[in-house]
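In this chain, residues are counted from 1 in sequence order. Atoms within each ligand, like the ligands themselves, are counted from 1 in listed order.
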Amino acid sequence: MGLGQDSGITTFMSVELRPHHLLCLLTYLGKGYTPAFVENYERVVTRLNAGETITIVSGPDEICHPMLNDPSCHCRNESVAIRDQQALAAVLTCLRLEAITEPFVLAQDDVLRLRRAFQNGDLRAACQGCEWELLCSRIAKNDFRGCRLQPPPKE
Ligand code: SF4
């Protein structure tokens, strides 16, 4: 688990993510809905690339945060909650885990395995109906070139 300094007080840090964002992070190229959304997304990816842990949450997470006051925000929709359930099931299968109950580090090997599964379609049930489905397929076909999530290897 990562440690952080804030005004001299040591705090525990972990990136809070809803499950389907574990997929979206695989294809994130540095583009998104608004400049504030992208700025925030970059901060999240930088933390993950530094090896910070992930805590799985249900409902809106740290990536959703800049969109929550937008009238077009879909982050609280039931369809997105279903997307989360589908994504979590696929990620657990891919990473050969029974459950994720504690903060965990998504290491380089995990991302490689998830990207391979994303390319061969095993992770894509959650993507059905997403407006970015074709774009993400193209990014996967292009071997995730330029994607920002590049965490370090396991220690
Ligand atoms: S298709 Fe949609 S849900 Fe799937 S990874 Fe891309 S942005 Fe995320």
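Of all atoms in ligand 1, listed by their number and element, those nearer than 4.0 Å to a heavy atom of W132 are 1 (S), 7 (S). Near E133, with a cut-off below 4.0 Å to any heavy atom, the atoms of ligand 1 are 1 (S). Here is the list of ligand 1 atoms found below 4.0 Å of a heavy atom in F118: 5 (S).
Among the backbone and side-chain atoms of C127, none of the N, O or S atoms lies under 2.8 Å from atom 2 (Fe) of ligand 1.
Counting protein heavy atoms only, atom 8 (Fe) of ligand 1 is closest to C24 SG, 2.3 Å. Of the protein's heavy atoms, C130 SG, 2.3 Å lies nearest to atom 2 (Fe) of ligand 1. Looking only at protein heavy atoms, the nearest one to atom 6 (Fe) of ligand 1 is C136 SG, 2.3 Å.
The cluster map of Ile, Leu, Val, Met, Phe, Trp and Tyr, joined by side-chain heavy atoms under 4.5 Å apart, puts L135 and I63 in the same cluster.
Residues K154 and D110 are paired through a salt bridge, judged by an N-O separation under 4.0 Å between the basic side chain and the carboxylate. Under a 4.0 Å N-O distance rule, the pair E62/R47 qualifies as a salt bridge.
A donor-acceptor pair under 3.5 Å is absent between the side-chain atoms of D122 and the main chain of V91, judged by distance alone. Under the 3.5 Å distance criterion, the side-chain polar atoms of N49 are matched with a main-chain donor or acceptor of Q150.
At least one heavy atom of R124 sits less than 4.0 Å from an atom of ligand 1.
Between F144 and F118, the two ring planes are perpendicular [angle over 60°; tilted spans 30° to 60°].
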